[in-house]
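Predicted, not measured: the structure shown is a model, and the values here were computed from it. In what follows, every heavy atom counts, from backbone to side chain, and hydrogens, waters and symmetry copies are set aside.
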Protein chains: 4
Amino acid sequence: MTDTKAPDSSRRSERSRRAIYDAALALVTEVGYGRTTIEGIAARAGVGKQTIYRWWPSKAAVLLEAFLDLADQAADGSYDFPDTGDLEADLKTVLRATVDEMNNPVYEGPTRALAAEGIVDPVLGSQFVEKLLEPPIRLYVQRLRSAEAAGALRPGLDPRTAVELFIGPLTHRWLLRTLPLTHEYADSIVEYALSGLSPRG
Amino acid sequence: MTDTKAPDSSRRSERSRRAIYDAALALVTEVGYGRTTIEGIAARAGVGKQTIYRWWPSKAAVLLEAFLDLADQAADGSYDFPDTGDLEADLKTVLRATVDEMNNPVYEGPTRALAAEGIVDPVLGSQFVEKLLEPPIRLYVQRLRSAEAAGALRPGLDPRTAVELFIGPLTHRWLLRTLPLTHEYADSIVEYALSGLSPRG
Amino acid sequence: MTDTKAPDSSRRSERSRRAIYDAALALVTEVGYGRTTIEGIAARAGVGKQTIYRWWPSKAAVLLEAFLDLADQAADGSYDFPDTGDLEADLKTVLRATVDEMNNPVYEGPTRALAAEGIVDPVLGSQFVEKLLEPPIRLYVQRLRSAEAAGALRPGLDPRTAVELFIGPLTHRWLLRTLPLTHEYADSIVEYALSGLSPRG
Amino acid sequence: MTDTKAPDSSRRSERSRRAIYDAALALVTEVGYGRTTIEGIAARAGVGKQTIYRWWPSKAAVLLEAFLDLADQAADGSYDFPDTGDLEADLKTVLRATVDEMNNPVYEGPTRALAAEGIVDPVLGSQFVEKLLEPPIRLYVQRLRSAEAAGALRPGLDPRTAVELFIGPLTHRWLLRTLPLTHEYADSIVEYALSGLSPRG
DNA sequence: CCGTAACCGAGACGGTACGTCTGGTCTTTGA
DNA sequence: TCAAAGACCAGACGTACCGTCTCGGTTACGG
């Protein structure tokens, strides 16, 4: 046995959890992920270190939950994907919004830190993907299916692969900072992906 | 002035540098990036810690150089991009090779570690991009220009954006581990990007 | 404020303290003071370095306490000064014992090291004097006062100065190793100091 | 054989030696013995480290020589001991001068440092004693012999032991800082030692 | 008068230890 | 009965010096 005891989650202090979330997010934005330490979070939250170790396995896990909590509060369940009937316009709307989010300094720091951690740590990575990335991707897939039904897409395409044709390039530029992420770039991606690079017959 | 003194690189020990590269790569593959320490590298290389700190600013910088050195040795100046006249086939060849590299456990560990570090540290990130990513991208751009000249591409496309339509989705799957990276996926990306997702007129 | 935090001494681990004392004394006798390091003490005591730095400001301070602890154990409260009525004999007895102690290799190493450190570091020096040197000196002073009352000493002498007439020369030979420290020397000191160097009237 | 080569002292750079002496003394008075390093001396003297290691075995040896050189310059060969015919007065004159020297901050730092080092390192200690302490002691011995011849001392006394009755207590107070070193103390020592502590017959 | 052998300044090197910081565990204490 | 507080073992951090070792440059003999 490694775990001597499993903590009783019903007795968990809501107060402490909130304080830990707040402290973690504040520290990450103030000093960056690398200089954020568990000791620092505990001190700032007015909480014993053990209270953190009891409930989370790592600094990244704390931050992921804190970030999800933040996102939940912001989202109010408002998750949806526009469907005006014009696929190209809808995709541009969403990708431009994504670009704005990626350029928003409030989210950028923590998200980069989590993505980086997830790249190296598969367990965290899968949580990151499942909880943060998959939900919007599923909305893309839905929208593409409806477009296919409406004859706005070639039939027989794999929707997952198609989605990645849009978000792959964006993520690439964002993570690797090769070139600036702009609305124009988002528009180009949509146009190129829909029309194809080959000359039209 | 930040640096009070710059070391005299003409007196640098080639022997030590090589030993440090070897030790760094070995440790990263054996115990992972997170558990690789500068002390560990120094000990394994039979080198004083100061010899590392004298020449590199961080663990990541050591590893980046070590990895570049490794790549240089492997490459033998063989960098080129196939140009058989068949753009689609050439792109598939290259993307499949990229997939193989990304799945090769020898390169995967250090590359992920460096990418992750670069995501969080802009200075390292720009070096990572410039030294590892840009060279192949420039070959893509060349190939696309030659295709455009041959009438195999729609005229007026931005070649950088076009390149990212291919490598963006691949990088996305690789870094975020959303779905397995296969040759089939590489082929699909090429086909989708060239033909476009919209129904052909 | 210099000290940001003072550790809570009520939660101090007695186990660690003992282990540190033992390790420190063992190392000093085995390899000498100069080659005794805080890292070495910590390793030998099976203790984190911080546990030493938390409670002592320096290697010398650790050793002083360890040595005092050793002396306390040895002493059993047995501190006293002979008073047979024969001042000269009593002084010879005590000075001969002091000579024996100074020649005892078990005590010599640590004591010399502490004395040397105290000579250079006034803070440590005052502790060394107060805790190790003063107690026996006070016994001398008492004995001399009783001798004065008994008419065995010239009246009006400053007892501190008188004491130093005995222990000063001994300490001088011991610290500076000018000539060997023998019982004969101790006897001579007592005789010379009591009778004076001038011809008797 | 341990030393492979002995350096050729005839080719030694006088310039470097002087610069090293100056740097060593300056550093010791500025930052103290403990924080004076061979690297620091070399840098300050504008000298390669090897030039120090070539000619001296240790930091203490450098400082001892530097200090002897300083003393030689100050002394101008003026070494002598007053002999007015009044032994008590002569001794007080000399001891008061010694007290002044011990209290002189210019000499105090380096001398304490050397004494401390000599206490722990027997080789250095014997050099310290032989070169700095013995010469004046020999003058004392001479003066005491002349006093004995003049009938100012009890016959048959061991002059070395007698000398230590004077300088032992002084050294004791100086090194251990038990009580302040004053001219009055010097006078008392002379009086007590000459007349003795016992009541005069 | 010209090599050659040494010292010299400079500083990179393999190391050791420093004192600090953080990770994760274990213990005590107050509410 | 839990959580705050924080001491504990462990060990990496980056720095400072150690003493050794080249490396050119510069004297200063000795053939």
Check whether any side-chain heavy atom of B:Leu64 sits under 4.5 Å from a side-chain heavy atom of B:Gln127, and report yes or no. yes
What is the distance from CH2 of A:Trp56 to P of E:dG23, rounded to the nearest Å? 15 Å
Would you mind reading off the distance between B:Ile52 atom CD1 and E:dG14 atom P, rounded to a whole angstrom? 9 Å
Could you check how far CG of D:Leu27 sits from C1' of F:dA16, rounded to whole Å? 15 Å
Are the side chains of B:Arg177 and A:Pro122 in contact, using a 4.5 Å heavy-atom criterion? yes
Is the positively charged end of C:Arg12 above the ring of C:Trp55, judged by distance under 6.0 angstrom from the centroid and angle within 45° of the axis? yes
Using the closest heavy atom to pick a nucleotide of DNA chain F for each, name whichever of C:Trp55 or B:Tyr53 lands nearer the 5' end. C:Trp55
Does C:Arg12 reach a base, just sugar-phosphate, or nothing at all? Heavy atoms under 4.0 Å. sugar-phosphate
Just call it for C:Ser16: base, sugar-phosphate, or nothing, with non-hydrogen atoms closer than 4.0 Å on any strand. sugar-phosphate
Between residues 30-47 of chain C and DNA chain F, which residues have a heavy-atom gap below 4.0 Å? C:Gly46, C:Val47
Please tell me if the side chains of A:Tyr33 and A:Glu117 come closer than 4.5 Å, counting only heavy atoms from C-beta onward. yes
If you go through the side-chain atoms of C:Gln50, does one of them form a donor-acceptor pair with the base of F:dC9 closer than 3.5 Å? no
Suppose we call a contact any N or O donor and acceptor under 3.5 Å apart; does that hold for the side chain of C:Arg11 and the base of F:dA5? yes
Please report the distance, rounded to the nearest Å, between CZ in B:Arg18 and C1' in E:dC13. 18 Å
Expressed in angstrom and rounded to an integer, what is the separation of C:Lys59 atom NZ from E:dT16 atom P? 16 Å
Looking at F:dC9, I'd like to know if its phosphate oxygens (OP1 or OP2) sit under 4.0 Å from a side-chain N or O belonging to C:Thr51. yes
Between A:Pro57 and C:Ser10, whichever has its closest DNA chain E nucleotide further toward 5' is A:Pro57
Rounded to whole angstroms, how far apart are CG on B:Asp8 and C1' on F:dG24? 11 Å
With a 4.5 Å limit on heavy-atom distance, are the side chains of C:Leu70 and C:Tyr21 in contact? no
Is a salt bridge present between A:Arg18 and A:Asp69, judged by a nitrogen-to-oxygen distance below 4.0 Å? yes
Specify the separation, in whole Å, of atom CZ of D:Arg15 and atom C1' of E:dG9. 11 Å
Nearest whole angstrom, please: distance from the P of E:dT25 to the CZ of A:Arg54. 12 Å
Show which side-chain atoms of residues 22-30 of chain B pair as donor or acceptor with protein atoms under 3.5 Å away, not counting sequence neighbours.
residue	atom	partner	partner atom	Å
B:Thr29	OG1	B:Leu25	O	3.1
B:Thr29	OG1	B:Ala26	O	2.9
B:Glu30	OE1	B:Arg44	NH1	3.1
B:Glu30	OE2	B:Arg44	NH2	2.9

Is it the case that E:dG11 (base atoms only) and D:Lys49 (side chain only) share a donor and an acceptor within less than 3.5 Å, ignoring hydrogens and angles? no
